[in-house]
Amino acid sequence: MTEVVTRFAPSPTGLMHLGNVRTALLNWLYARKLGGRFLLRFEDTDASRSEAEFVEALKQDLQWLGLDWDGEALFQSQHAGQHQDALDALAEKGLAYRCFCTETQLGLDRKLATSRGLPPRYSGKCRKLSKDEALEKSKTEPFVWRLAIHAQEGEVHVPDTLRGDVVFARRDLDDPVVVRSDGSFTFLLPNAIDDAVDGITHALRGDDHLTNSAYQVWLLQALDLNVPMYLHHGLLLGEDGAKLSKRTGSHSVKELRESGLIAEALVQAMTRLGHPNIADDAFDIAALLAAFDAEHISRSSVKWSNEDMWRWHTRLLHHLDAAVLLPLLQVHLPTANLDFTSLIAGNLERAEDVLHYQYLLDASVPFNDDAQAIVNSAAEGFYTTALQLWQTMDNCDWKVWMNAVKEETGCKGKALFMPLRVALSGALHGPDMSSIVNFLGKEGVSVRLQHVLKP
Ligand code: GLU
């Protein structure tokens with residue numbers, strides 16, 4: 001069997017968004033699962049919009065996500081010669097032709113077709129020009145290049161992992177533009193030629209590309225080039241079922257990274273979309289890969305859920321080693337240390353929640369209103385008694401101490417527990433009290449009790 005080669009082929013015209021992540025991830029999973037190669041190719045032929053800054057940003061986002069690519073990143077612009085050769089070969093065979101129709105003319109043709117209830121296809125007018133006529137005209141008039149695909153007879157078969165062969169009648173296909181009037185190539189030809197040149201065996205992409213695939217299969221076959229196996233996955237939609245946008249909760253990867261998200265949370269949530277057979281406990285990437293099966297990817301569109309992603313974030317956060325978690329917490333609280341991290345890890349949903357527990361490190365951090373209200377509600381003399389008892393105790397045992405306070409003050413239940421919890425931890429919820437007491441030690445507990453005793 002030939003080695004599987006997939007690719008992620010973004011145009012470097014913007015930041016990586018969730019739709020890109022899905023396509024990149026599926027191609028990566030497919031290659032890695034089958035021991036193949038995953039290539040990164042920047043489709044940078046639209047020179048006016050491509051920017052080096054986005055090339056770097058896209059690379060950085062892929063690295064952060066752990067989607068490593070094989071070899072150097074490729075640039076479509078480096079294959080310009082091959083794109084031109086392909087066009088020349090097609091023109092030579094009469095399969096590509098110059099079209100001189102103006103935008104106004106095309107607009108009128110479209111209107112006419114629509115008014116007759118026909119699809120707005122190109123009329124085929126310039127296809128009738130002879131090569132010589134077209135060449136002569138091209139000396140004085142602007143033109144685009146089209147592929148001569150539309151025909152009354154014949155079919156194009158797009159091989160698709162999820163759908164089998166998708167059959168297009170050529171009568172339903174248009175003559176697509178492959179070179180614009182400024183001489184630049186549209187997406188269709190370079191993308192297909194590069195897949196052939198780069199030896200891509202499998203192209204996984206959104207099903208909005210299905211018709212493009214029909215054009216590209218035709219083009220590759222016309223040039224006797226290898227046609228990859230396609231996998232057109234259902235599109236990723238926003239939470240409201242509409243196209244994914246900022247409004248519906250789509251963020252750039254950069255934004256998510258900067259908000260402290262654990263990259264694997266995005267990978268976990270994204271891999272599971274439209275792929276329901278992955279067990280919930282497939283926790284690490286190796287387990288995800290083992291469970292990944294391209295044939296299970298949904299052909300229907302799938303809805304993004306930020307909530308699911310953040311739920312994964314919390315689950316993963318709870319599974320991180322304290323040493324790995326510590327730097328994430330230090331972004332928000334530089335004084336965090338390893339013991340402190342182990343103590344509170346289970347109580348965090350997000351890294352920034354660490355701020356709720358600052359008081360465990362520094363007794364001078366003021367209480368919030370709720371915590372202060374609990375301290376104020378403690379019975380008369382409660383903290384004085386608690387401190388005296390604590391100071392007479394030999395060992396720092398929470399249960400023994402709490403029972404002694406209960407006995408001495410007559411307080412029980414919440415009236416006993418909450419004033420102690422808040423006095424020691426500064427928060428209404430958090431790690432269990434034995435762990436807090438162990439962490440603070442004799443001195444730490446005393447300092448905090450003295451602190452709440454001050455008016
Ligand atoms: N540059 C194309 C895009 O970003 C690539 C599509 C494909 O995967 O073939 O849509």
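Nothing here was measured: the structure is a model prediction, and the numbers come from that model. When a ligand or atom number is given, it counts from 1 through the structure's own listing order.
Within ligand 1, the atoms closer than 4.0 Å to a non-hydrogen atom of E43 are 1 (N), 2 (C), 5 (C), numbered from 1 in the order shown. Taking a cut-off of under 4.0 Å to the non-hydrogen atoms of R7, the atoms of ligand 1 that pass are 7 (C), 8 (O), 9 (O).
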Report the C-alpha separation of H157 and V167 in whole Å, then their side-chain angles, then the decisive distance to 0.1 Å, and conclude whether the side-chain contact (heavy atoms from CB on, under 4.5 Å) test is met. CA-CA 5 Å; H157 291 229; V167 181; 3.8 Å; yes

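Taking the charged nitrogens against the carboxylate oxygens, K125 and D175 have no contact shorter than 4.0 Å, which rules out a salt bridge.
At a heavy-atom distance under 4.0 Å, no atom of F8 approaches ligand 1.
Residue-to-ligand polar distances place N191 within reach of ligand 1: an N/O pair is separated by less than 3.5 Å. The shortest N or O to N or O distance between L204 and ligand 1 is not below 3.5 Å.
Taking the ring axis of F292 as reference, the NZ or CZ atom of K33 does not stay both within 45° of it and closer than 6.0 Å to the ring centre. Cation-pi contact between R32 and F38: absent, since separation from the ring centre below 6.0 Å together with deviation from the ring axis within 45° is not met.
Looking from atom 10 (O) of ligand 1 to the surrounding protein, the closest heavy atom is H209 NE2, 3.4 Å. Protein heavy atom in closest approach to atom 5 (C) of ligand 1: A9 O, 3.2 Å.
D182 and S184 form a side-chain donor-acceptor contact under 3.5 Å, judged by distance and modelled atom types alone. Side-chain contact of S305 with R311: a donor-acceptor pair under 3.5 Å is absent, judged by distance alone.
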